[in-house]
Amino acid sequence: MAKRRTPKKSGDAASDRIAPGRISRRTFVTGAGLSGLLGAASSRGLGAAAAASSADGTPEQIHLTWGEDPASSVCISWVSAAQGQNPRVHLMQSASRTVHAVQRTYTDGINGQTVFTYHAILTGLEADTEFRYSVTADNDRNRARPYGAAFKTAPKGRAPFRFTSYGDLATPNTAWALSSPQSAFAVKAVERFQPLFHLLNGDLCYANLNPTAQPSVWADFGNNVQASASRRPWMPCPGNHEIEFGNGAQGFNSYLTRYTLPSNGTTFPGLWYRFKVGSVLFISLSADDVIYQDSGAFVTGPLPLQPSPSTGNPPIAPGTSLYIRGYSAGAQTRWLENTLAAASGDNTVDWIIVQMHQDALSSSKNGNGSDKGIREAWLPLFDQYGVDLVICGHDHDYERSWPVRGCNRDVGRDAASGAVVDTLQPKPVVTSNPANAPFDTSIGTIHFILGGGGTNAPLDAYGVNPESGAPQARVITKHNRPLPAKAPGTFGKAGADALEDAVWSARRDTSTGYGIGVFDLDPGAPGGKTSITISYYHALGADSTATSNYELFETVVLAKARRDTLRPAG
Ligand SMILES: [Fe+2]
Ligand SMILES: [Fe+2]
């Protein structure tokens, strides 16, 4: 088993050197003829182009996502090495049904590889029902026995269900930066708990730290998660390591081409979305839009990053970073507010759970820390509309907050000068729970960091105020754009610029950075309470040696009155 590397100062590996790398075994370079980025077209209509491809159309990297309504719609997506001919899904219902897939491609802006992805959207499915399916194409090597699996649709209305979550997964192929064998065990862990679906909280595979082989890293990721993601939806949010040079204005073309996600009605499809399962509204956000931290693709130097000549893209100079704060010009926050406002008038929604990658509340000592950008843009909305849970990744550890509402002003200090800084320190509503009683999240939002999927950089050391011994957080309150570093021609980025007492921090796992959150919803009965039981299982010992052993670390229960109890419908 691989020994973990010591995490670097900028914990999320944002400052890991991007070195011009080899072209991997899986990389091939195509001409410019198929460079229609994100162009959606039915592959059945491609005529001569499709006929010209006799290469391998075998489906791989097969993964499910929810459609617009998880009770009736699921999207089956996959990738093939070459263009698939007549790519399709066979759905086994009472009568067999064939659903043709839509092709979306992109050509990687660094190595010029064209990636062929396929998406078959199944609609009109019966709720709470298991379906068997297979995926194939005319040039599927396994056409005689195509890949098949089964999934279950979500229940309708108030019903019990389970979901699981973690972020920062990477791949089991240790040839790639930040990959680790633990990521294979993490996929198996999801299957152990058999959730209805899984939330994958960003930093999927760290392809942008392997810039000359990005599609190959994605392939190793996709083939690793297939063992679970072909059996139940894995709902992702984008993280900073999905931001890739040469792949679109925000660098998300690879991510967006591979995933079909519920619509958001804006000009940024796929980056944020909502879906509802039972009485829970899930809201998935793209926090790179609001955070101060610069942690996307970055060339540290001294050499430039040299794209393949086939891309026609120029070298990317040392010191260049893809910093996308503010990319939606407020569109995402407006959508969030509209979505929350609509939920506040919907008596079928008992719970609101937000998924995002970066953290508003993190006291990791050697990771990224808390980002004031989220506190400014979104925490007031979470307060106003009563978001119950926020589930994140980014720091590769486990941390749980007390329920928080509002903030304390001017209580932080500059990490260098000690001057007062307004970090908008979240204010805990309670700060003890000796009887381990259920938390009522109608009085405050609980934030969870579940950043220990499988990546090779555990960050489970936490800040402590040297004077008081109390938890202390590092807070990013301004951008950290690249600056010249010591070695000639190289660049680095500063860490968090401020400190605050982490008065909001309730529990931190100091024994391992790895684990999985298991969430069980009990809808309760009319006139009563509904609850969510959260069990966090951690992979003890995985900081040094990958392990399949996930043990219970803690269980937390949330309980609140059902919305239909408080305000009867009608
Ligand atoms: Fe990460
Ligand atoms: Fe991250």
Side-chain angles (χ1 to χ4, degrees), residues 25-65 67 73-108 111-125 131-151 215-216 218-227 229-231 233-234 253-254 256-261 310:
R25 64 190 161 82
R26 302 186 64 136
T27 303
F28 64 96
V29 176
T30 68
L34 285 165
S35 58
L37 292 179
L38 290 175
S42 163
S43 61
R44 302 190 77 213
L46 290 173
S53 171
S54 60
D56 191 0
T58 306
E60 59 170 58
Q61 306 172 50
I62 298 156
H63 59 275
L64 311 183
T65 49
S73 180
V74 165
C75 182
I76 301 176
S77 301
W78 66 94
V79 179
S80 52
Q83 189 169 49
Q85 295 173 358
N86 191 18
R88 59 199 184 274
V89 165
H90 294 296
L91 187 67
M92 275 69 90
Q93 293 174 286
S94 46
S96 184
R97 177 175 150 198
T98 299
V99 179
H100 293 280
V102 165
Q103 173 180 286
R104 295 206 301 261
T105 70
Y106 75 101
T107 297
D108 186 82
N111 76 1
Q113 179 178 340
T114 294
V115 176
F116 298 92
T117 77
Y118 299 92
H119 306 266
I121 299 174
L122 314 180
T123 56
L125 304 175
F131 293 89
R132 287 182 300 119
Y133 72 93
S134 62
V135 294
T136 193
D138 290 350
N139 55 345
D140 177 357
R141 238 184 311 118
N142 304 323
R143 199 172 154 196
R145 294 187 61 191
Y147 183 91
F151 66 86
S216 297
W218 277 101
D220 287 335
F221 160 80
N223 285 321
N224 179 44
V225 303
Q226 175 180 293
S230 65
R231 297 184 165 94
W234 277 45
N253 276 0
S254 180
L256 293 171
T257 307
R258 293 161 191 276
Y259 283 96
T260 294
L261 295 162
S310 72

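Because the structure is a prediction, the values reported are computed rather than measured. When a residue number appears, it is its place in the shown sequence, counting from 1.
- The two residues Val135 and Pro146 come nearest to each other via the heavy atoms O-CB, 3.3 Å.
- Annotation: side chain of Arg258 is in contact with side chain of Tyr106 (closest heavy-atom distance under 4.5 Å).
- Looking at every heavy atom in both residues, Ser80 comes nearest to Asp56 through CB-O, 4.1 Å.
- Taking both residues in full, the closest heavy atoms of Ala137 and Gly57 are given as CB-O, 3.8 Å, listed atom of the first, atom of the second, then distance.
- Inter-residue side-chain proximity for Thr65 and Tyr259 is flagged as met; some heavy-atom pair is nearer than 4.5 Å.
- The local environment of CZ in Arg132 is sparse, with at most 12 non-hydrogen atoms from other residues, nucleotides or ligands closer than 6.0 Å.
- Inter-residue side-chain proximity for Trp218 and Thr257 is flagged as unmet; no heavy-atom pair is nearer than 4.5 Å.
- The distance from the CD1 atom of Ile62 to the CZ atom of Arg231 is 10.5 Å, given to the nearest 0.5 Å.
- For Ala120 against Val89, the heavy-atom pair with the smallest separation is CB-CG2, 3.5 Å.
- Formation of a donor-acceptor pair under 3.5 Å by the Asn224 side chain with backbone atoms of Asp220 is not found in this model.
- Among all heavy-atom pairs drawn from Val74 and Leu125, the shortest one is N-CD1, 4.2 Å.
- No side-chain heavy atom of Thr117 sits less than 4.5 Å from a side-chain heavy atom of Ser77.
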query: Which is it for Ser73 and Thr123 under the side chain to side chain donor-acceptor pair (under 3.5 Å) test, yes or no, and what are the steps along the way?
result: CA-CA 4 Å; Ser73 180; Thr123 56; 5.8 Å; no
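- Taking the side chain as every heavy atom from C-beta outward, Tyr118 and Gln103 approach each other to under 4.5 Å.
- Taking the side chain as every heavy atom from C-beta outward, Val102 and Thr260 never approach each other to under 4.5 Å.
- Looking at every heavy atom in both residues, Trp78 comes nearest to Ala101 through CH2-CB, 3.6 Å.
- Rounding to the nearest 0.5 Å places NE2 of His90 at 13.5 Å from OH of Tyr133.
- Taken from NE2 in His100 to CG in Asn86, the straight-line distance is 5.5 Å, to the nearest 0.5 Å.
- The closest side-chain heavy-atom distance from Ser254 to Asp108 is not below 4.5 Å.
- Using a 4.5 Å heavy-atom cutoff, the side chains of Asn253 and Arg104 are not in contact.
- A distance of 7.0 Å separates OG1 of Thr98 from CZ of Arg88, quoted to the nearest 0.5 Å.
- In this structure, OG1 in Thr136 is found 11.5 Å from CZ in Arg141, a value given to the nearest 0.5 Å.
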task: For Val99 and Ile76, run side-chain contact (heavy atoms from CB on, under 4.5 Å): C-alpha distance rounded to whole Å, both residues' side-chain angles, the deciding distance at 0.1 Å, then the answer.
output: CA-CA 10 Å; Val99 179; Ile76 301 176; over 6 Å; no
